[in-house]
Asker: 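The structure follows.
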Amino acid sequence: MNVNLLKNIAVTLAFCLFAFNGLASGHGESAEKKIGILLVAFGSSEASAQVSFKNIDSKVKNTFPGVPVRWAYTSHIIRKKLAKQGKLLDSPEVALAKMQEEDFTHVVVQSLHTIAGAEYHDLIKTVSGFRSMGQFQALRMGSPLMATQEDMEQVVEAALSSIPKNRKKNEAVVLMGHGTHHPANAFYAALMFQLQLRDPYFFVGTVEGYPEVDLIRELLQKKGIKKAYLLPFMSVAGDHAKNDMASDEEDSWKSILTAAGIKCFPVLKGTAEYDRYVDIWVNHIKAPLSHFE
Ligand code: CO
């Protein structure tokens with residue numbers, strides 16, 4: 001069974017469970033307004049990722065005091081892994097169903113993804129499913145980190161401000177994005193282009209999409225670069241950062257670039273650990289939230 005079918009079934013089930021509820025409470029009196037924020041991340045089972053999530057959580061709560069904040073993870077695999085450790089994380093469907101139960105009337109669903117890829121578009125489907133149930137008076141979405149040209153310009157600033165202090169001009173800064181089969185993958189190369197207009201030794205590659213690490217290696221070699229800082233371009237420094245980027249495994253970015261004569265300095269810090277990046281996500285909540293006032 002494919003994921004979308006499962007998702008549709010989940011939304012339909014949630015509808016059946018809560019439709020009656022909706023009817024029962026609809027005796028003409030308008031429900032008291034209750035505004036909430038649902039933060040939706042891909043999720044991570046790594047303990048090292050928690051610092052990123054905590055940082056976002058506290059920034060959101062400080063920016064919107066008094067607005068309850070809930071969390072959901074889109075990754076089924078991560079949720080299953082965590083459940084085995086006794087940590088129960090909700091899917092967006094379950095989190096929204098719970099918020100219906102808690103009588104929230106106005107909710108902003110904020111994507112904490114990096115690009116508007118497959119996970120984000122699945123989230124749109126979930127949200128529109130809940131919208132059509134009609135129990136929430138308003139359900140609005142906040143876009144991921146990098147969804148518009150304006151976002152990209154802010155990401156460029158955030159990336160430039162995240163350069164390790166000791167880095168010299170002739171040393172490379174290499175961002176490792178996740179990458180995807182989704183057309184939104186094009187944002188990674190577009191980001192590299194815009195970063196290089198500001199700093200020609202900035203590179204952006206991906207683990208599972210384009211540009212691949214082999215291309216990044218060629219570009220570094222062409223410029224005669226001997227030293228590179230490797231930074232995850234993902235909200236958390238989780239599994240990919242530790243294994244695919246910084247490990248000593250032979251196919252890690254560190255190993256591949258080191259074999260090409262480039263000295264590598266991995267920085268295990270997710271984008272959500274830097275305030276400049278987090279501000280972009282937090283700002284994406286402001287416009288949808290302002291519609292509720
Ligand atoms: Co992955």
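Both ligands and their constituent atoms are indexed starting at 1 by order of listing. These numbers come from a predicted model, not from an experiment.
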Asker: Would you say Thr126 and Glu93 are linked by a side-chain donor-acceptor pair, where the criterion is simply a distance under 3.5 Å?
Answerer: yes
Asker: With no hydrogens and no angle check, just 3.5 Å: does a side-chain donor-acceptor pair link Thr148 and Asp151?
Answerer: yes
Asker: Would you say the side-chain atoms of Asn283 and Lys286 include a donor-acceptor pair closer than 3.5 Å?
Answerer: yes
Asker: Using the six-membered ring of Phe265, assess whether NZ or CZ of Lys227 lies under 6.0 Å from its centre and within 45 degrees of the ring axis.
Answerer: yes
Asker: Within a strict 4.5 Å, meaning less than it, do heavy atoms of the Thr206 and Phe233 side chains meet?
Answerer: no
Asker: Counting no waters, how many protein N/O/S atoms sit under 2.8 Å from the Co ion (ligand 1)?
Answerer: 2
Asker: If you measure from the Lys or Arg side-chain nitrogens to the Asp or Glu carboxylate oxygens, is any gap between Asp239 and Lys81 under 4.0 Å?
Answerer: no
